[in-house]
Amino acid sequence: MDGSALRSRGQGGALWGDIGFNLGVASRLVVLTGAGVSADAGLPTFRGKDGLWEGRNVQEVATPEAWAWEPEVVWRFYQERRQRLTEVEPNPAHRALAELEARLDEAGVGFCLITQNVDDLHARAGSAPIHIHGEIAVLRCEICGEKVRDLDHLDPEAFVPCPECGHGAMRPDVVWFGEMPYRIEDVFRQVGSATVFLAAGTSGVVYPAAGLLQLARDGGAKTLVNSLDEPENLSGEDEFLPGRAAEVLPDLCERLAQEVGA
Ligand code: APR
């Protein structure tokens, strides 16, 4: 590997080859992914130029209030995204992270993948991420709490009734603005114990996920950041690896695995 896809802006613009991770047996790598990691699979990001939907930004659609007032609009938005899931495949970034996890696991190095993405591409690549913002492939009944994994009912005009209690419209099992992310205590623990933390494809503006980078720094982790644009929460302490995740992550994951002899 020559690492040519990787250029680091942190630490005086050092090239990738100069970055030493010093991973040891006690190391723990924690990765946070965002919409940029799935962008190369053909799924739109939230804040990019393709971030608007029918002229609205996502903050107007992804809320409990919107679901209460205009459920048809919200449902159409998610049904389009659920349909799109059936048309895309994991990209090299998803696959590299899954392979890295398997190699680190074998080498006895801790690994945790946390994603803000509501798609299922990490899982389809072989990972089992913590979905802090939920998953659009799962529907949840707000009345009885029933959850079903469903990508069969994709009509944008037809709500899906709850198979358990008969309530007429299940919602996507995603975390909307104003709602509490899933497993956040677990995530704080994971990130707090990281020795290497990688944030990839996230703009660093939506909290609490955007605060994880600082939590990792506070815990003494080496922090790596990949994105097309500099995220809001980037600091001079971070190693910034600009570029497309599908190009940067395979090299980066290979390097991380080699560091521990995995
Ligand atoms: N490779 C790497 N990074 C990319 C790529 C790519 N191919 N394409 C875009 N990016 C970067 C952009 O530069 C941007 O910094 O990915 C980031 C995407 O930012 P957002 O669209 O804000 O996505 P994300 O940070 O995941 O959003 C967080 O906001 O709307 C909510 O719940 C939603 O989980 C989402 C949360």
Side-chain angles (χ1 to χ4, degrees), residues 5-9 31-53 56-67 74 77-78 80-82 84-85 88-97 113-122 125 129-138 171-184 187 197-214 224-235 238-253:
L6 298 160
R7 290 290 181 275
S8 157
R9 191 197 53 84
V31 179
L32 171 70
T33 61
V37 168
S38 292
D40 291 325
L43 297 177
T45 61
F46 293 97
R47 291 168 189 81
K49 56 177 172 21
D50 52 358
L52 290 183
W53 176 78
R56 302 173 183 231
N57 73 42
V58 68
Q59 277 95 335
E60 292 172 44
V61 184
T63 67
E65 291 78 15
W67 177 240
V74 175
F77 173 82
Y78 282 102
E80 281 180 16
R81 272 152 188 74
R82 284 158 46 77
R84 190 78 187 107
L85 266 199
V88 296
E89 295 292 333
N91 69 41
H94 298 106
R95 288 196 289 273
L97 287 168
L113 179 60
I114 301 160
T115 188
Q116 298 167 87
N117 296 342
V118 293
D119 62 59
D120 59 357
L121 294 180
H122 280 306
I130 299 178
H131 277 277
I132 52 175
H133 293 166
E135 287 187 80
I136 55 174
V138 178
R171 60 170 276 181
D173 187 30
V174 297
V175 174
W176 281 328
F177 288 95
E179 296 182 327
M180 188 60 109
Y182 289 145
R183 295 178 58 183
I184 198 67
V187 163
F197 178 78
L198 164 66
T202 174
S203 56
V205 298
V206 175
Y207 284 80
L212 297 178
L213 188 54
Q214 183 61 45
L224 311 172
V225 175
N226 160 248
S227 183
L228 278 187
D229 315 298
E230 288 193 6
E232 286 278 316
N233 57 354
L234 188 71
S235 119
D238 307 322
E239 203 65 54
F240 182 48
L241 307 164
R244 307 188 81 85
E247 289 166 5
V248 174
L249 262 54
D251 284 351
L252 176 57
C253 290

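What you see is a predicted model; the values in this text were computed from it and never measured. One-based numbering, in listed order, for ligands and for the atoms of each.
Residue contact check: Gly34 has heavy atoms under 4.0 Å from atoms 26 (O) of ligand 1. Contact atoms of ligand 1 toward Asp229: 12 (C), 13 (O) (distance under 4.0 Å to a heavy atom of the residue). For ligand 1 and Val58, the ligand atoms under 4.0 Å from any heavy atom of the residue are 30 (O). Under a 4.0 Å criterion applied to the non-hydrogen atoms of Thr202, ligand 1 contributes the atoms 15 (O), 16 (O), 17 (C), 24 (P), 25 (O). Atoms of ligand 1 lying under 4.0 Å from any heavy atom of Thr45, numbered from 1 in the order shown and given with element: 9 (C), 21 (O). Interface atoms of ligand 1 facing Gly243, defined by a heavy-atom separation under 4.0 Å, are 1 (N), 2 (C). Residue contact check: Ala39 has heavy atoms under 4.0 Å from atoms 8 (N) of ligand 1. Interface atoms of ligand 1 facing Gly201, defined by a heavy-atom separation under 4.0 Å, are 3 (N), 16 (O), 17 (C), 18 (C).
For ligand 1, the polar-atom distance check finds no N/O of Asn117 at less than 3.5 Å from any of the ligand's N/O atoms. Polar contact with ligand 1: absent for Val175 (N/O pair, distance under 3.5 Å).
Counting only N and O atoms by type, the side chains of His94 and Thr33 include no donor and acceptor under 3.5 Å apart. Looking at Thr202 and Gln116, their side chains do bring a donor and an acceptor atom within 3.5 Å of each other.
Considering each of Gly36, Ser227, Pro231, the one bringing a non-hydrogen atom nearest atom 14 (C) of ligand 1 is Ser227. Heavy-atom proximity to atom 2 (C) of ligand 1, evaluated over Ala245, Ala35, Ala41, is greatest for Ala245.
Listed for the Asp173 side chain is no donor-acceptor partner under 3.5 Å among the backbone atoms of Gly134. Asn226 contributes no side-chain N or O that, together with a main-chain N or O of Pro242, makes up a donor-acceptor pair within less than 3.5 Å. Panel note: side chain Asp238, backbone Ser235; a donor-acceptor pair is recorded below 3.5 Å. Formation of a donor-acceptor pair under 3.5 Å by the Asn91 side chain with backbone atoms of Val37 is found in this model.
Listed by chain and residue number, Thr115, Pro129, Glu135 satisfy the side-chain contact (heavy atoms from CB on, under 4.5 Å) test with His131 (two or more places apart in sequence, or in another chain). Residues passing the side chain to side chain donor-acceptor pair (under 3.5 Å) test with Asn233: none are found, sequence neighbours excluded.
Residue Gln116 touches ligand 1 through backbone and side chain together, judged by heavy-atom distances below 4.0 Å.
Val205 does not count as a contact of ligand 1, since none of its heavy atoms falls under 4.0 Å from the ligand.
Contact between His122 and Leu97 at its shortest, heavy atoms only, is CE1-CD1, 3.7 Å.
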